Amino acid sequence: MSDDVRVRAAPAPSGSLHVGNVRTFLYNWLHARHTGGKFVLRIEDTDTSRFTEEAYHAVLEDLRWLELDWDEGPEVEGPHAPYRQSQRTDLHKRAAEQLLADGAAYRCYCTKQELDERRQQAMAEKRRPGYDGRCSRLTAGQIEAFEAEGRASVVRVRVPNVGQSTYEDLVIGEVKTDLEQIDDFAIVRSDGAPLYHLAVVVDDGMMQINHVIRGDDLLSNTPKQILLHAALGNPVPRFGHLPQVLGPDRKPLGKRHGSTSIADFREAGYLPDALVNFLALLGWGTADDTIMNREDLIARFKIGDVHPSPAMFDTKKLDWMNGEYIRLLSDDELTRLVTPFYLKAGLIGESPSPQEQAKIEAATPLIKTRIRRLDEASALVRGLFGRVDIDQQAGAKVLGADHVGELFTRTTQALGAVQPWDKENVEAALRAVAEEMGLKPRTAFAPFYVAVSGSTVSAPVFDLMTLIGRDECLARIALAQEFSRALQA
Ligand code: GLU
């Protein structure tokens with residue numbers, strides 16, 4: 001085997017990826033890119049009752065969206081294809097036969113009932129309730145009798161009862177396990193289906209994976225897999241176990257904390273570069289590290305520097321970072337990325353007219369400095385795409401004040417005389433009226449936000465007023481004037 005790093009992402013596809021798993025895949029990807037190694041994608045879809053084609057495609061789509069490109073794997077293919085575990089069952093079965101022939105594994109004929117009874121008894125006697133290794137001691141005659149009876153059997157690995165399994169974890173350091181604690185675990189079901197440990201070890205071996213970097217929820221599997229690698233004559237890979245990603249309550253990040261799937265983050269308008277930057281720093285890097293593009297991350301990432309303690313997912317930090325990445329986009333890029341959000345919010349149609357397109361483009365500089373996520377843009381520029389009903393709450397709060405009637409009347413006159421209609425002149429006209437009436441800018445301008453956008457949340461009102469044009473502006477002020485009168489009646 002060459003010394004080049006070969007790592008893998010091995011998702012069991014159940015729809016859009018969990019962000020914690022993506023952090024794991026990202027660390028594998030960074031480790032491969034930093035060392036000039038290979039990043040392999042293997043889809044662990046053996047449990048066909050659970051996995052759908054749709055879920056499989058969702059995984060590929062998520063990784064592509066995140067731009068975590070794989071060197072070998074589905075659709076890319078490579079020397080160790082197929083890369084879908086469900087298509088490798090024969091290889092797994094063949095390995096099980098080899099282990100049986102070598103004596104590293106044996107057939108176990110115990111029935112479920114027998115196992116249950118012995119478990120109960122062990123518990124009653126305060127012994128460890130694991131498998132007692134009974135079938136590892138069967139004579140040839142007993143085996144023959146069970147076979148003649150037609151008894152079903154599973155295949156179990158012969159685990160030594162004494163000694164320790166020791167390895168140096170890339171992240172958490174030395175891990176020692178007493179072999180006595182490990183049962184003779186099953187690797188093939190009674191229906192002949194290979195089980196997880198067998199499939200993963202055979203595939204990692206054949207794909208020449210030499211660094212297995214995965215979540216620490218899989219830590220207890222490692223001594224078993226090291227035994228299996230050795231039994232199969234594979235070079236044993238190095239293992240690295242990543243601490244979990246926690247929510248703010250210090251429990252593993254889950255649905256109750258809000259968004260967890262990549263699809264959720266995509267729909268909320270996070271950018272892949274921002275998410276990658278944020279996830280990379282979730283358990284790696286120094287306190288001073290903030291914005292780091294992919295090149296920086298690849299240059300600096302070292303798997304040995306991953307923090308051995310759990311990381312906390314801080315949505316506020318992600319939002320801040322995403323905003324920073326939005327500001328790094330060119331106007332054209334931001335326009336392209338935000339357009340689907342306008343469509344979803346009903347601001348534009350499927351294929352925008354040239355007028356709509358002009359508005360989409362005009363909106364971009366207005367939102368660019370003001371949003372942290374793309375899904376926040378629509379609310380700010382809604383008024384640009386057409387009239388918006390006045391929000392009752394905002395209307396009642398802002399348009400009910402005594403000065404609003406006069407403010408609207410005076411401004412309507414002033415705006416009628418603005419020449420030419422540009423932002424500078426519109427703003428000057430509004431400021432002049434505010435000054436004449438002795439109003440603070442905030443008090444004077446709030447009614448125009450509501451008149452133009454229907455609410456107090458919006459991109460700067462002078463820009464919007466300029467963009468929608470004088471007639472539309474005056475029409476909206478007239479409607480807001482009516483709303484204001486109705487409040488006072
Ligand atoms: N397919 C396994 C999972 O999704 C990961 C296997 C492994 O990393 O060993 O949990």
Side-chain angles (χ1 to χ4, degrees), residues 5-32 38-52 55-56 58-60 62-63 68 70 72-74 80 82-89 91-92 95 157 165 167 169-172 175 177 182 185-187 193-230 232 234-245 252-254 260-262 283 303 306:
V5 163
R6 289 181 59 84
V7 291
R8 44 67 163 188
S14 56
S16 181
L17 292 168
H18 185 280
V19 71
N21 291 338
V22 168
R23 201 257 326 231
T24 301
F25 303 157
L26 172 63
Y27 283 9
N28 277 280
W29 183 82
L30 286 171
H31 184 45
K38 293 275 188 273
F39 177 60
V40 179
L41 175 62
R42 181 174 75 232
I43 305 291
E44 304 216 321
D45 57 349
T46 45
D47 187 351
T48 41
S49 61
R50 274 176 53 207
F51 305 135
T52 60
Y56 162 74
V59 168
L60 301 194
D62 284 350
L63 292 175
L68 299 182
W70 53 98
E72 293 173 29
H80 306 289
Y83 292 93
R84 288 183 74 164
Q85 207 162 52
S86 58
Q87 295 165 1
R88 303 177 60 82
T89 309
L91 299 168
H92 307 147
V157 175
S165 156
Y167 78 94
D169 193 281
L170 292 160
V171 178
I172 55 177
V175 178
T177 315
I182 304 175
F185 56 99
I187 52 171
L195 286 162
Y196 159 72
H197 289 299
L198 180 64
V200 99
V201 168
V202 168
D203 290 350
D204 281 345
M206 296 186 83
M207 295 179 183
Q208 300 179 4
I209 301 301
N210 49 22
H211 291 75
V212 173
I213 299 163
R214 58 187 178 186
D216 68 4
D217 51 325
L218 299 169
L219 186 62
S220 64
N221 297 333
T222 303
K224 295 178 185 170
Q225 295 179 5
I226 289 175
L227 282 169
L228 259 184
H229 275 296
L232 285 167
N234 295 339
V236 178
R238 303 237 23 212
F239 288 86
H241 289 89
L242 307 173
Q244 299 296 294
V245 176
L253 188 72
T260 52
S261 78
I262 292 304
I303 189 67
V306 170

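The analysis underlying the following values was restricted to heavy atoms, covering all of them including side chains, and did not include hydrogens, waters or symmetry mates. Order of listing sets the numbers, starting from 1, for every ligand and every atom in it. Keep in mind that this is a model prediction, so the values were computed, not measured.
With 3.5 Å as the limit, one finds no donor-acceptor pair spanning the side chains of Q208 and H80.
With sequence neighbours left out, the side chain to side chain contact (heavy atoms under 4.5 Å, CB included) criterion links D45 to P13, I43, F51, R84, Q85, S86. Every residue meeting the side chain to side chain contact (heavy atoms under 4.5 Å, CB included) condition with D216, not counting sequence neighbours, appears here in chain and number order: H241, P243, Q244.
Between R42 and D204, at least one side-chain N (NZ, or NE/NH1/NH2) sits under 4.0 Å from a carboxylate O, which counts as a salt bridge.
When the options L218, D47, I213, T222 are ranked by their closest heavy atom to atom 10 (O) of ligand 1, first place goes to L218. The option with the heavy atom closest to atom 6 (C) of ligand 1, from among E44, Q225, H197, is E44.
The nearest protein atom to atom 7 (C) of ligand 1, hydrogens excluded, is given as R8 NH1, 3.3 Å; this is a heavy-atom distance. Of all protein heavy atoms, the one lying nearest to atom 9 (O) of ligand 1 is R214 NH1, 2.5 Å.
In this structure, the side chain of N28 engages the main chain of T24 through a donor-acceptor pair within 3.5 Å.
Of all atoms in ligand 1, listed by their number and element, those nearer than 4.0 Å to a heavy atom of A12 are 4 (O).
Between A10 and ligand 1, at least one pair of N/O atoms sits closer than 3.5 Å.
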